[in-house]
Amino acid sequence: MKIIRLIHNEGHAVDQALRVLEAGGVAVVPTDTVYGMVGAADNEIAIKTLFAIKKRDREKFVLLFVKDIAQARTIAYISDVKARFLEKIWPGAVSIIFQHKAKLASNISGDDTIGMRMPAHSFVSILLEKWGRPLAQTSANISGGPPAKNIAEILAYFESHEPKPDLIIDAGEIIGMPSTVINFVRDAPLIVRSGIMTKMELDMLAGGK
């Protein structure tokens with residue numbers, strides 16, 4: 001695993017992450033919640049590697065990182081009303097499940113749904129903008145363990161593990177918690193996993209749409 005410290009090195013870190021993604025590899029990156037593992041969403045090999053590293057059940061799905069709402073609307077059915085709701089919470093620590101327009105690579109979209117998030121972290125934002133396409137993502141950990149929040153925890157999971165991520169972007173300690181997950185297939189958003197956003201906050205935002 002190659003490790004690059006992010007501080008004072010963002011441009012180089014982005015370039016190295018792009019190289020890994022282009023090669024079908026997997027990178028550990030900082031986000032606004034916890035460290036995550038990302039791979040090209042349109043590369044079946046990258047997705048299989050992501051699952052193998054995490055030892056994740058192949059029946060489970062992973063979410064997508066998208067660069068903006070416009071990109072999300074090319075992937076899923078998002079009405080103007082729902083888009084206005086997204087403008088209130090994205091970028092941020094909220095993952096949304098929508099009905100997809102076309103099934104993507106295996107283990108990303110279900111029969112008719114897909115989960116997406118637009119993270120509020122400068123490194124990932126720049127990476128997504130330069131990559132130009134969605135990234136498959138999941139928390140940086142072995143399935144069943146808590147998400148990694150620093151380099152020591154990342155190495156504890158993956159240093160003696162095969163397969164392992166190709167690249168780690170070390171941004172220091174991340175003080176956060178996993179994203180809130182909302183099902184927005186129907187007209188009203190419904191929290192399916194608690195996180196940073198509370199039900200009261202969600203109801204207030206939804207009521208203002």
Side-chain angles (χ1 to χ4, degrees), residues 1-41 43 46-47 49-56 62-68 71-72 89-96 108 115-159 161 163-181 193-197:
M1 294 183 295
K2 184 174 184 178
I3 301 173
I4 298 176
R5 285 185 58 81
L6 184 59
I7 187 168
H8 306 313
N9 213 16
E10 188 169 73
H12 176 64
V14 169
D15 289 343
Q16 291 299 302
L18 288 171
R19 287 187 181 185
V20 166
L21 295 174
E22 287 286 1
V26 171
V28 174
V29 301
T31 79
D32 51 338
T33 55
V34 294
Y35 277 91
M37 292 193 292
V38 297
N43 187 317
I47 304 306
T49 303
L50 193 68
F51 272 75
I53 293 171
K54 192 178 175 76
K55 296 188 180 300
R56 187 177 178 89
V62 294
L63 299 173
L64 292 182
F65 276 162
V66 293
K67 67 175 184 175
D68 52 32
Q71 186 174 75
I89 60 174
W90 279 2
V94 182
S95 302
I96 314 286
I108 292 180
M116 294 180 285
R117 185 162 88 84
M118 181 181 170
H121 191 284
S122 61
F123 174 82
V124 182
S125 297
I126 294 169
L127 182 64
L128 284 165
E129 187 63 37
K130 291 196 171 187
W131 178 245
R133 311 194 299 277
L135 290 173
Q137 70 86 25
T138 184
S139 57
N141 61 293
I142 303 299
S143 286
K149 295 185 178 182
N150 55 56
I151 189 68
E153 292 177 357
I154 295 169
L155 293 177
Y157 275 129
F158 305 121
E159 193 169 29
H161 171 72
K164 61 185 66 177
D166 299 280
L167 175 67
I168 298 170
I169 305 299
D170 178 10
E173 185 83 14
I174 296 178
I175 302 174
M177 59 188 298
S179 64
T180 299
V181 178
R193 186 182 76 185
S194 298
I196 292 175
M197 177 173 283

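Here the side chains of V38 and L21 are in contact, with some heavy-atom distance below 4.5 Å. Two residues are said to be in side-chain contact when any heavy atoms from C-beta on lie closer than 4.5 Å; L127 and F65 fail this criterion. Within the 4.5 Å cutoff, side-chain heavy atoms of Q16 are placed close to those of L167. The closest side-chain heavy-atom distance from S139 to P178 is not below 4.5 Å. Contact annotation: the side chain of I174 never approaches that of H121 to less than 4.5 Å [non-hydrogen atoms, C-beta and beyond]. Residues I151 and I168 are in side-chain contact: their nearest non-hydrogen atoms beyond the backbone lie under 4.5 Å apart. Contact check for D170 versus I7: no side-chain heavy atoms found under the 4.5 Å cut-off.
Taking the side-chain contact (heavy atoms from CB on, under 4.5 Å) definition, one finds that M37 meets it with V26, V28, L50, I53, K54, T138, A140, F158, P165, sequence neighbours left out. Taking the side-chain contact (heavy atoms from CB on, under 4.5 Å) definition, one finds that E10 meets it with L6, V14, S122, F123, I126, sequence neighbours left out.
R117 places no side-chain N or O within donor-acceptor distance of the main-chain N or O of L64, the cut-off being under 3.5 Å. Side-chain N or O atoms of N150 include none that pairs as donor or acceptor with a backbone N or O of E173 at under 3.5 Å. Side chain of N141 to backbone of G145: a donor-acceptor contact under 3.5 angstrom is found. Listed for the E153 side chain is a donor-acceptor partner under 3.5 Å among the backbone atoms of K149. With hydrogens and angles ignored, the 3.5 Å screen pairs a side-chain donor or acceptor of K164 with a backbone N or O of E159. In terms of modelled atom types and a separation under 3.5 Å, the side chain of Q71 and the main chain of K67 share a donor-acceptor contact.
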When you look at I96 and I89, which way does the side-chain contact (heavy atoms from CB on, under 4.5 Å) test go after all the steps?
CA-CA 10 Å; I96 314 286; I89 60 174; 3.7 Å; yes
Carefully, step by step, assess F51 and V62 under the rule side-chain contact (heavy atoms from CB on, under 4.5 Å).
CA-CA 9 Å; F51 272 75; V62 294; 3.8 Å; yes
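Judged purely by distance below 3.5 Å, without hydrogens or angles, the side chains of S179 and S95 pair a donor atom with an acceptor atom.
A pairwise comparison of heavy atoms in Y35 and I169 identifies CE2-O, 3.3 Å as the closest pair. Residue S125 comes nearest to P119 through the heavy atom pair OG-O, 3.7 Å, listed as atom of the first residue, atom of the second, then distance. For A72 against V66, the heavy-atom pair with the smallest separation is CB-CG2, 4.2 Å. Of all non-hydrogen atoms in I154 and A148, the two that sit nearest each other are CG1-CB, 3.6 Å. Minimum heavy-atom separation, A46 to G25: CB-O, 4.3 Å. Shortest non-hydrogen contact noted between A41 and I47 is CA-CD1, 4.2 Å.
Between D166 and R19 there is no salt bridge, since none of the side-chain N atoms of the basic residue sits less than 4.0 Å from a carboxylate O of the acidic one.
Between the CE atom of M116 and the CG atom of L135 there is a distance of 13.5 Å, given to the nearest 0.5 Å. Atoms CG and CG, from D15 and N9 in turn, are 10.0 Å apart once rounded to the nearest 0.5 Å. How far OG1 of T180 is from CE of M177: 7.0 Å, rounded to the nearest 0.5 Å.
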